[in-house]
Amino acid sequence: MNKKYTEVGTDIEEVKRQNAMSGPSYNEIKEIVANHEWTDTQSNGNMIDPETPKKYTWTGTDIEEVKRLNAASGPSYKEIFDMLDEKYSNR
């Protein structure tokens, strides 16, 4: 087989082989996440009750508002890794 190397001596085919074995690419992860339906309750497990008294950090950050915004922004890292485990465990 005719091996191809970069100017500094890197075996291009070996790098491609190792990349293929390293797991999903960034774009594959983005595609998995994009094809999954999300609700505002999925990340934190429950909707925020408007009657619940507000809790703030010492800097004045509304903790419940941050949780709500995080839940609405999509899956957490744990949820992404769970999806990846599910998708790639059947290989």
Side-chain angles (χ1 to χ4, degrees):
M1 181 174 176
N2 190 8
K3 289 192 173 196
K4 295 180 183 178
Y5 295 91
T6 64
E7 285 185 21
V8 296
T10 303
D11 181 343
I12 296 170
E13 295 305 317
E14 179 63 14
V15 170
K16 288 180 181 179
R17 186 187 68 74
Q18 288 180 8
N19 284 346
M21 293 175 31
S22 69
S25 68
Y26 175 76
N27 286 335
E28 289 171 324
I29 293 170
K30 283 184 7 183
E31 183 180 338
I32 291 167
V33 172
N35 291 330
H36 192 82
E37 294 291 324
W38 295 100
T39 64
D40 283 352
T41 61
Q42 195 152 4
S43 289
N44 66 4
N46 57 11
M47 291 296 287
I48 297 165
D49 180 1
E51 302 302 316
T52 301
K54 291 186 180 250
K55 296 178 186 174
Y56 295 92
T57 65
W58 66 273
T59 61
T61 303
D62 181 345
I63 296 169
E64 296 305 317
E65 178 67 5
V66 170
K67 287 180 183 178
R68 186 189 67 72
L69 291 171
N70 284 344
S73 69
S76 67
Y77 281 116
K78 181 188 179 319
E79 290 166 332
I80 291 170
F81 289 127
D82 288 345
M83 283 188 292
L84 291 171
D85 285 344
E86 181 180 314
K87 178 175 176 126
Y88 289 99
S89 65
N90 298 327
R91 282 188 166 186

Quick one: pull up CG in D82 and CG in L84 and give me the separation to the nearest 0.5 Å. 9.0 Å
Give, for atom OH of Y5 and atom CD of E13, the distance between the pair rounded to the nearest 0.5 Å. 10.5 Å
Verify same cluster id: I29, Y77 (apolar side-chain graph, 4.5 Å): yes
Answer yes if L69 and I63 sit in the same cluster of Ile, Leu, Val, Met, Phe, Trp and Tyr residues linked by side chain heavy atoms under 4.5 Å apart, and no otherwise. no
Within the 4.5 Å heavy-atom criterion, are V15 and Q18 side-chain neighbours or not? no
For the backbone of S76 and the side chain of E79, can you confirm whether one donor and one acceptor N or O come within less than 3.5 Å of each other? yes
